[in-house]
Novice: 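So that we are looking at the same thing, I have put the structure below in structure tokens.
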Amino acid sequence: MAQLKLTNSMGRRKAVFEPLDPANVGIYVCGPTVYNYAHIGNARPAVVFDVLRRVLMHVYPKVTYVSNFTDIDDKIINAALESGQPIESITNKFADIYNADMKALGVLPPDHQPRATETVPEMIAIIENLIARGHAYVAEGHVLFDVPSFKDYGKLSGRSRDEQIAGARVDVAPYKRDPADYVLWKPSPPGYPTWDSPWGAGRPGWHIECSAMAEKHLGLNFDIHGGGLDLTFPHHENEIAQSVCAYEHAGFARVWMHNGFLAVEGEKMSKSIGNVLLVNDLLKHAPGEAIRFALLSSHYRQPFDWTQHGLEEATTTLTRFYTVADTATAPGKVDPEFFDALCDDLNTPLAIARLHALAKAGNGADLKVSAQMLGLLGGDLKTWSAWFTKAIDTAAVDSLITQRNAARSAKNWAESDRIRDQLAALGVAIKDNKDGTTSWSAT
RNA sequence: GGCGCGAUGGCCGAAUGGUGAGGCAGAGGACUGCAAAUCCUUCAAUGCCGGUUCGAUUCCGGCUCGCGCCUCCA
């Protein structure tokens with residue numbers, strides 16, 4: 001069996017993955033802040049690390065997958081203040097929508113899906129340890145992490161502290177001992193959510209939550225931590241600093257994995273451009289499986305340009321794959337070349353190329369089983385096709401086809417072609433079979 | 001300004017120190033009343049300038065272009 005190799009952002013090298021405990025591999029992936037619908041940029045890490053999870057599950061007997069909801073954040077609070085709704089109704093609503101959207105994309109539910117608001121005591125415990133160990137200090141109601149006290153700070157993102165200070169664009173808060181120090185705990189203004197703490201009522205900073213949730217469910221040392229490349233600094237850098245400094249033997253994640261950025265039609269996705277694509281909207285126009293397939297068509301570390309053309313191509317390819325998989329008569333196996341590609345740092349484009357080869361060879365059985373490791377071809381041709389035909393009046397289509405076949409029998413080609421055009425206008429493509437029957441599919 | 005990432009055919013996208021996968025699109029053919037689908041065949045690429053090397057798309061340096069992050073901030 002091929003060895004699984006993964007690129008570790010820490011050190012930027014590809015290496016054979018060796019779990020701490022082969023009997024139970026632990027992985028943590030930063031989840032969404034639940035104050036709005038998930039966009040396609042949120043979907044990429046979810047899908048990419050879901051594939052990693054499936055590959056790991058093929059190799060190891062047990063995988064513990066943890067992904068959180070961030071439900072304490074000023075963005076959420078602002079959304080609550082603007083809409084007049086309680087914070088919980090916003091976070092609950094968008095957490096549910098997120099899970100439904102991810103399910104539609106074929107993402108397996110995490111084994112643990114902790115929420116920041118449920119993990120505040122653990123955050124406070126870490127902060128207390130950091131203060132006790134001389135890595136954090138209290139100033140004006142805030143608790144700050146003492147960045148110079150951690151010599152490895154900046155190792156993940158490749159930044160020295162001096163560089164950060166030289167490049168800082170933001171005014172430094174006066175109570176910071178060092179400009180690089182960041183907030184672990186802060187006071188809440190009136191009307192904001194608060195928790196009691198040894199430093200007064202307040203709320204946690206952003207970064208501490210992932211340290212607390214990862215530690216709670218995976219321990220002080222675990223195998224893999226994933227997330228978007230944009231989280232490398234400061235979020236992941238700070239997670240490392242807190243977790244490693246809070247305990248004697250804490251190493252935190254051993255392998256860091258980051259997926260590349262996502263653009264839309266060649267432009268960066270942003271509210272100001274108005275090109276933010278929500279998964280929820282995309283799902284109205286394409287099956288989730290096609291969205292997933294499109295996202296996997298480039299390597300996870302490469303920048304990804306989401307395009308309508310790419311989505312259409314993914315849809316067409318899946319129709320072809322389902323058509324071939326439908327011919328399978330015996331159980332298949334995971335194709336070795338396909339699996340080798342995935343073991344080489346999740347080379348999904350190369351793996352998909354192998355799926356094309358299996359399809360071309362008419363090997364529907366192996367195609368289906370292999371594709372399922374990517375979270376694809378889990379259904380069958382019938383249910384896949386049904387997604388496209390659901391808006392079509394099948395009785396009307398059947399009636400038109402009957403009329404057309406009558407015209408064909410009479411060799412009235414003009415009438416036959418007219419009806420075919422009429423069907424095409426309804427979004428129906430027809431196929432005259434050798435046995436004289438006519439079948440159709442939605443376009 | 002600092003740090004980092006990327007650049008392969010018309011488009012998407014792998015790989016590699018020694019004749020550069022696969023998909024989409026295009027072209028030709030088979031099939032079809034004509035199509036569609038399918039099958040066969042086929043065209044076509046390593047951003048620019050140097051260096052190392054017998055040989056560079058790959059390694060090193062510089063450049064151009066595109067992108068991300070720069071600390072609790074949208």
Side-chain angles (χ1 to χ4, degrees), chain A residues 9 12 72-75 78 142 144-145 147 153-154 156-173 176 178-186 203-208 228-238 241 258 260-263 266-268 270-272 293-294 296-299 301-307 309-317 319-321 323-324 337 341 344 347-357 359-360 362 407-414 416-417 420-421 423-424 428-434 438-441 443:
Chain A
S9 302
R12 295 194 183 81
I72 309 175
D73 186 284
D74 284 2
K75 289 193 286 269
N78 291 337
H142 294 68
L144 291 113
F145 185 85
V147 168
Y153 191 84
L156 177 69
S157 55
R159 294 157 195 258
S160 76
R161 206 169 55 81
D162 293 342
E163 286 162 357
Q164 294 155 36
I165 296 164
R169 294 181 310 194
V170 181
D171 291 338
V172 175
K176 290 187 179 181
D178 186 281
D181 292 350
Y182 63 92
V183 169
L184 296 166
W185 188 268
K186 57 190 170 185
R203 59 208 165 110
W206 170 35
H207 314 295
I208 191 69
L229 191 54
D230 50 334
L231 296 176
T232 307
F233 187 89
H235 185 56
H236 291 160
E237 201 70 74
N238 291 352
H258 292 97
F261 304 112
L262 185 139
E267 284 189 306
K268 74 170 179 179
S270 76
K271 280 182 186 168
S272 57
F293 188 80
L296 294 175
S297 66
S298 91
H299 187 90
R301 281 188 295 112
Q302 295 290 113
F304 185 87
D305 188 20
W306 177 270
T307 62
H309 178 260
L311 179 58
E312 287 166 7
E313 198 175 316
T315 307
T316 305
T317 303
T319 298
R320 173 172 155 69
F321 282 0
T323 304
V324 176
E337 285 183 47
D344 185 11
N347 193 335
T348 52
L350 190 59
I352 289 169
R354 183 59 192 161
L355 295 182
H356 279 286
K360 194 166 191 169
R408 291 177 69 217
S409 300
K411 296 202 187 308
N412 185 351
W413 307 129
S416 166
D417 292 351
R420 181 166 61 200
D421 290 345
L423 284 162
V428 171
I430 56 170
K431 174 184 167 195
D432 296 327
N433 301 306
K434 285 223 189 250
T438 296
S439 48
W440 65 275
S441 58
T443 53

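Residue numbers begin at 1 in each chain, while the letters A, B, ... track the order of the sequences.
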Novice: Please pick, from B/rG22, B/rC67, B/rC73, the nucleotide with the shortest atom-to-atom distance to any side-chain atom of A/F261.
Specialist: B/rC67

Novice: Give me the atom names and distance for the closest heavy-atom approach of A/S439 to A/N433.
Specialist: OG-ND2, 3.4 Å

Novice: Dot-bracket, 5' to 3', for RNA chain B please: Watson-Crick or G-U pairs under 3.5 Å, [ ] where pairs cross earlier ones, | where the partner sits on another strand, dots elsewhere.
Specialist: (((((((..(((.....[...))).(((((.......)))))....(((((..]....))))))))))))....

Novice: Any chance you could list the contact pattern along nucleotides 10-16 of chain B? Use B for base contacts, S for sugar-phosphate-only contacts and - for none, protein heavy atoms under 4.0 Å, 5' to 3'.
Specialist: ---SSS-

Novice: Send over the distance from A/N78 CG to B/rC72 P, rounded to a whole Å.
Specialist: 15 Å

Novice: Considering every strand and a 4.0 Å limit on heavy-atom distances, what is the contact class for A/K75: base, sugar-phosphate, or nothing?
Specialist: nothing

Novice: Donor-acceptor pair, distance only, cut-off 3.5 Å: does the side chain of A/E337 make one with the backbone of A/R354?
Specialist: no

Novice: Roughly how far, to the nearest 0.5 Å, is the CG atom of A/L311 from the OG1 atom of A/T316?
Specialist: 9.5 Å

Novice: Tell me, please, which residues at least two apart from A/A353 pass side chain to side chain contact (heavy atoms under 4.5 Å, CB included).
Specialist: none

Novice: For A/A341, does its backbone N or O pair with a side-chain atom of A/N347 as donor and acceptor, under 3.5 Å?
Specialist: no

Novice: What's the CZ-C1' distance between A/R354 and B/rG22, to the nearest Å?
Specialist: 11 Å

Novice: Measure the distance from CG on A/D178 to P on B/rC70 and round it to the nearest whole Å.
Specialist: 18 Å

Novice: What does the B/S/- profile of nucleotides 30-36 of chain B look like, 5' to 3', with a 4.0 Å heavy-atom cutoff to protein?
Specialist: -S-BBBB

Novice: 5'-most contact on RNA chain B: A/R12 or A/W206, nearest heavy atom basis?
Specialist: A/R12

Novice: Is A/D73 touching bases, backbone alone, or none of the nucleic acid, heavy atoms closer than 4.0 Å?
Specialist: nothing

Novice: Should the pair A/Y182 and A/F145 be assigned to parallel (<30°), tilted (30 to 60°) or perpendicular (>60°) ring geometry?
Specialist: parallel

Novice: Let me know the distance between CG of A/L296 and P of B/rG23, rounded to the nearest Å.
Specialist: 18 Å

Novice: Quick check for you: to the nearest 0.5 Å, what is the distance between A/H309 atom NE2 and A/E313 atom CD?
Specialist: 5.0 Å

Novice: Scan nucleotides 41-48 of chain B against the protein and return all N/O pairs shorter than 3.5 Å with their distances rounded to 0.1 Å.
Specialist:
none

Novice: Between atom CG in A/D230 and atom P in B/rC3, what is the gap in whole Å?
Specialist: 21 Å

Novice: Strictly distance-based, threshold 3.5 Å: is any side-chain N or O of A/S298 a donor or acceptor partner for the main-chain N or O of A/F304?
Specialist: no

Novice: What is the separation between atom NE2 on A/H258 and atom C1' on B/rG4, rounded to the nearest whole Å?
Specialist: 12 Å

Novice: Whole Å only: how far is the CZ atom of A/F233 from the C1' atom of B/rC70?
Specialist: 6 Å

Novice: Roughly how far apart, to the nearest Å, are B/rU57 and B/rA7 at atom C1'?
Specialist: 12 Å

Novice: Can you measure A/L355 atom CG to B/rC24 atom P for me and round it to whole angstrom units?
Specialist: 13 Å

Novice: Would you indicate what A/Y182 reaches in the nucleic acid, counting non-hydrogen atoms under 4.0 angstrom: base, sugar-phosphate, or nothing?
Specialist: base

Novice: Expressed as a whole number of Å, how far does the C1' atom of B/rC59 sit from that of B/rC69?
Specialist: 28 Å

Novice: Using a heavy-atom cut-off of under 4.0 Å over every strand shown, decide if A/R203 touches base, sugar-phosphate, or nothing.
Specialist: nothing

Novice: With sequence neighbours left out, what residues match A/S9 under side chain to side chain donor-acceptor pair (under 3.5 Å)?
Specialist: A/H258

Novice: Would you please confirm or rule out a distance under 4.0 Å between OP1 or OP2 of B/rC39 and any side-chain N or O of A/R320?
Specialist: yes

